[in-house]
Student: 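Got a structure here, written out as structure tokens. Questions coming.
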Amino acid sequence: MLFLDIDMPGISGLEIAKKLREENSDIILIFVSAHEQYVFESIEYSPFRYIRKSRIEKELFLDLKAAYARLGEMQDSYIVIKTSEADVRIKHSDIMYFETAARKVGVHLNNGEILNVRKTIKELEISKDKNIVIESMKEKIQLK
């Protein structure tokens, strides 16, 4: 969780948010600013909240409470995938979809990486709490 003031000397909070989002999409960003005109620009960086300095006493506690609740939700379940190089621990939320062909599974991640595994989807033992949609053709499976 990171609080960012938008108007800072040297670099704006929006510039920092852009760099952070390029590296880590999971971080909870909360903008704090006296400048309400930046609300719409800040949306580009998916902030969790935008606190106006004029209302910080009223909004801070509620926003912190909501942010801690979100952190609890972010304690995502994981799947361990054994590739030829190593065992890789991946959050379910980082998986875009699975693609299978000839007893091989390609695990496509949000960051564009693809992990290839010599297993079937059933052998991966995907968590039952995820909503899995199966398309025919190459049997692509997408987690929602």
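Not measured: the values here are computed from a predicted model.
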Student: CD/E23 to CG/N111 distance, rounded to the nearest 0.5 angstrom?
Tutor: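 Answer for the CD-CG pair, E23 versus N111, is 13.0 Å.
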Student: If I compare all heavy atoms of M1 with all of L64, which pair ends up nearest, and what's the gap?
Tutor: SD-CD2, 3.9 Å
Student: For the atom pair CG (L115) and CD1 (I90), what is the distance rounded to the nearest 0.5 Å?
Tutor: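 Taking CG in L115 and CD1 in I90, the distance rounds to 4.5 Å.
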Student: Mind checking the CE-CG spacing from M96 to N110? Nearest 0.5 Å is all I need.
Tutor: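 Reported value, rounded in 0.5 Å steps: 6.0 Å.
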Student: Could you walk me through whether E22 and K18 pass the side chain to side chain contact (heavy atoms under 4.5 Å, CB included) test, one step at a time?
Tutor: CA-CA 6 Å; E22 289 170 356; K18 180 180 180 181; 3.5 Å; yes
Student: Measure the CD-CG distance between E15 and L20 for me, rounded to the nearest 0.5 Å.
Tutor: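 Between E15 CD and L20 CG, I get 12.0 Å after rounding to 0.5 Å.
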Student: Residues two or more places apart in sequence or in another chain: which of them pass salt bridge (charged side-chain N to carboxylate O under 4.0 Å, His left out) with K53?
Tutor: D5
Student: Take V107 and V88 through the test side chain to side chain contact (heavy atoms under 4.5 Å, CB included) and record every step on the way to the result.
Tutor: CA-CA 11 Å; V107 182; V88 182; over 6 Å; no
Student: Is M8 linked to I6 within one hydrophobic cluster, defined over Ile, Leu, Val, Met, Phe, Trp and Tyr using a side-chain heavy-atom separation of less than 4.5 Å?
Tutor: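 M8 and I6: one cluster.
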Student: Donor-acceptor pairs under 3.5 Å, side chain of residues 28-48 to any protein atom, not counting sequence neighbours: which ones?
Tutor:
residue : atom : partner : partner atom : Å
S33     : OG   : H35     : N            : 2.9
H35     : NE2  : D7      : OD2          : 3.3
S42     : OG   : V39     : O            : 2.7

Student: Measuring from atom CD1 of I95 to atom CG of L109, what distance do you get when rounded to the nearest 0.5 angstrom?
Tutor: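 The CG atom of L109 is 6.5 Å from CD1 of I95, to the nearest 0.5 Å.
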Student: Kindly state each residue pair satisfying side chain to side chain donor-acceptor pair (under 3.5 Å) with at least one member in residues 56-69, sequence neighbours excluded.
Tutor: R49-D63, R52-E59, R55-E59
Student: Same cluster or not: are I11 and I27 linked, directly or through other Ile, Leu, Val, Met, Phe, Trp or Tyr residues, by side-chain heavy atoms under 4.5 angstrom apart?
Tutor: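 Same cluster.
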